Amino acid sequence: MNKKIKKILNKKNKSKIVCLTAYSKNIAEILDKHCDLVLVGDSLGSVLYNYKSTKEVTLQTMINHSKSVRLGVNKSLMVFDMPYNTYRNPQEALKNAKLVIKETKCDAVKLEGGKKIIPIVKKLVKNKIPVMGHVGILPQTDKKFTFKGKKQQESDRILNDTKLLENAGAFSIVLECIETKLSKKITHNLSIPTIGIGSSANCDGQVLVIDDLIGLSKSKFKFVKKYIDISKIIENAVKRYKSEVIKKRFPTKKHSFNT
Ligand code: KIV
């Protein structure tokens, strides 16, 4: 088994797993120093491209961003989020996942879904492609983005899906916006780690979209904590630059080539 995946698995019931998304090298380099897992999420569709849905994200766009992220990720596990319509059946999933691994050198792929995708997960795992699951809100296919686990039937289905994913060979599962008691039950019921986003502190690890955490995006999700408003810092630097250019204070001799 891949050493980095082993490391993630070994953290279950010992220490929390720290995960963030990255879409390019410079950010990835910073995250790599502090994260166990860096996810190239298809959330880049809304965060970077203003798409209404992640359905619009193409495999090629994901590959391009992942190639950049790969340059910055060295010690963390790098996970590629398979976009919508690239894993409709086991054959299509295997063909695309093989291409993704060849092109991006990622360590694993992430797929959204439960029972329906079990044959796909099994096919990839059988072909030695590590798979991360994703249940709860499924941005690629859900129409409503409300938290999951309000009704007993829904809770039972999600709990069952997570066990099926574990049995199919997934090494970890993202729980997106799952009710607190249900995320606890799922996490206790599995021997693989759960990674929560909007699913309480009961999960084995946490993931957030980096742009939300640093204040580069305009997102106002309840589960996001903004640790810094980096857009204000960038804006201040740009204002100072503008002022110095206009007042001819930049560039100085120091920034020029003199004979
Ligand atoms: O696309 C993404 O960034 C994700 C995470 C939010 C889990 O799937």
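Whatever order the structure lists them in is the order used to number ligands and atoms, beginning at 1. Note that these values count all heavy atoms, side chains included, but never hydrogens, waters or copies made by symmetry. Note that this is a predicted model, so its numbers are computed, not measured.
Residues passing the salt bridge (Lys or Arg N to Asp or Glu O under 4.0 Å) test with Lys11, sequence neighbours excluded: Asp36.
At under 3.5 Å, a nitrogen or oxygen of Asp81, whether backbone or side chain, sits near a nitrogen or oxygen of ligand 1.
Numbered from 1 in the order shown, with element, the atoms of ligand 1 that lie under 4.0 Å from a heavy atom of Thr21 read 3 (O). Within ligand 1, counting atoms from 1 as listed, the ones closer than 4.0 Å to a heavy atom of Gly41 are 1 (O), 2 (C), 3 (O). Short contacts between ligand 1 and Lys110, defined as distances under 4.0 Å to a heavy atom of the residue, involve ligand atoms 8 (O). Taking every non-hydrogen atom of Ile197 and a distance limit under 4.0 Å, the qualifying atoms of ligand 1 come out as 6 (C).
The heavy-atom pair separating Ile186 from Thr194 by the smallest distance is CG2-CG2, 4.0 Å.
Heavy atoms from other residues, nucleotides or ligands lying under 6.0 Å from CZ of Phe145 number more than 12. Summarising the local packing, NZ of Lys55 is surrounded by more than 12 heavy atoms from other residues, nucleotides or ligands at distances under 6.0 Å.
Side-chain contact annotation: Thr86 with Asn96, donor-acceptor N/O pair under 3.5 Å absent.
Among all non-hydrogen protein atoms, the one lying nearest atom 2 (C) of ligand 1 is Ser43 OG, 3.3 Å.
Residue His134 places a heavy atom less than 4.0 Å from ligand 1.
Under 4.0 angstrom from ligand 1, the non-hydrogen atoms of Leu39 all belong to its side chain.
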* To do: Start with the C-alpha gap between His65 and Phe80, add the side-chain angles, then the distance that decides, and say whether ring pair (Phe, Tyr, Trp, His ring centres under 6.0 Å) holds.
  => CA-CA 10 Å; His65 283 278; Phe80 181 103; over 10 Å; no
